[in-house]
Amino acid sequence: MRLQLRVLLAILASCSWISGSLAFKPVVILHGILSGAESMSFLVREIEEIHPGTIVYNCDKFSGWYSLENAWRQVDQVRDYLNEVGKLHPEGIIVLGYSQGGLLARAAIQSLSDHNVKTFISLSSPQAGQYGTSFLHLIFPDLAAKTAFELFYSRVGQHTSVGGYWNDPQRQELYLKYSEFLPLINNEKVTSNSTSFKMGMVRLNRLVMIGGPNDDVITPWQSSHFSYYDENMDVIPFNKRKIFTTDSIGIKTLQEAGKLTIVIKPHVHHLAWHTRRDVIHQVIMPYLD
Ligand SMILES: *[C@@H]1O[C@H](CO)[C@@H](O)[C@H](O)[C@H]1NC(C)=O
């Protein structure tokens, strides 16, 4: 009897050990601009199929036209959402943000001093800014990158999310003067929040940045890895830029701790990162453990 009991206990213990170690962390997904949670449903299904039992939160805030709302207004709500989901899962969560959603998610993570986001996956997001208008032609058919600064670097332009991360390489003075979003979360403009923005970042166990040369929307595509144009329109690799060399938001700290992963995948269009099965399996699934 005693032996049986002990065996039973051992089996129970090993079961909980198995479920404890094999359980996949919950995943929070943030959609991109001019779309909503439904645009991410293929990715959700893939995750649930390949990693059965994963709890996936497909955030449906700021869908469609609302995705153009001011970046900080969106970040404030995403931050509260991540905070709530995080409290439900003290063991830690994974956050995946696609396109603009990856930029908003990063800002939300940076704004949370005590988050329990273990892994943040930035899926083709303009982390260093955007200097291309093709994705905006639905709303602004005639908008050209060269003159878009006139629209975005203004008080009205800053009411739009895009205005917050529009980064014109040849109008850096105006960018720093008018942009209320990207220069702040990238600590290019120092504020009372700069230290906590860095702390929020270095709390991550893993930062995965995914992008590729055939994206066709993120411009330059290297912005997905914090690389960006200089004033001569040459793309400077992220590790040669101030944001990295001065470790202003902790990317260098993460890299030195082996917590930074950069994924470059060619032949993937912007709209395929979250909708092509082979891409999902190759560049996303390995980081959802
Ligand atoms: C710092 O963050 C708080 C909370 O998000 C915000 O209300 C405040 O305006 C920020 N301060 C600056 C200088 O950006």
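Both counts, for ligands and for their atoms, begin at 1 and track the order of listing. Because the structure is a prediction, the values reported are computed rather than measured.
The atoms of ligand 1 that sit less than 4.0 Å from any heavy atom of Asn193 are 1 (C), 2 (O), 3 (C), 8 (C), 10 (C), 11 (N), 12 (C), 14 (O). Under a 4.0 Å criterion applied to the non-hydrogen atoms of Thr191, ligand 1 contributes the atoms 13 (C). Using a 4.0 Å cut-off to heavy atoms of Arg79, the atoms of ligand 1 that qualify are 5 (O).
Checked against a 6.0 Å centroid threshold, the rings of Phe152 and His159 do not count as neighbours. Note: Tyr98 and His274 meet the aromatic proximity criterion, with ring centroids under 6.0 Å apart.
Counting only heavy atoms from C-beta outward, the side chains of Tyr229 and Thr219 approach each other to under 4.5 Å.
Using the six-membered ring where Trp is involved, Trp166 and Tyr131 have ring planes that are tilted, between 30° and 60° apart.
The nearest protein heavy atom to atom 9 (O) of ligand 1 is not closer than 4.0 Å.
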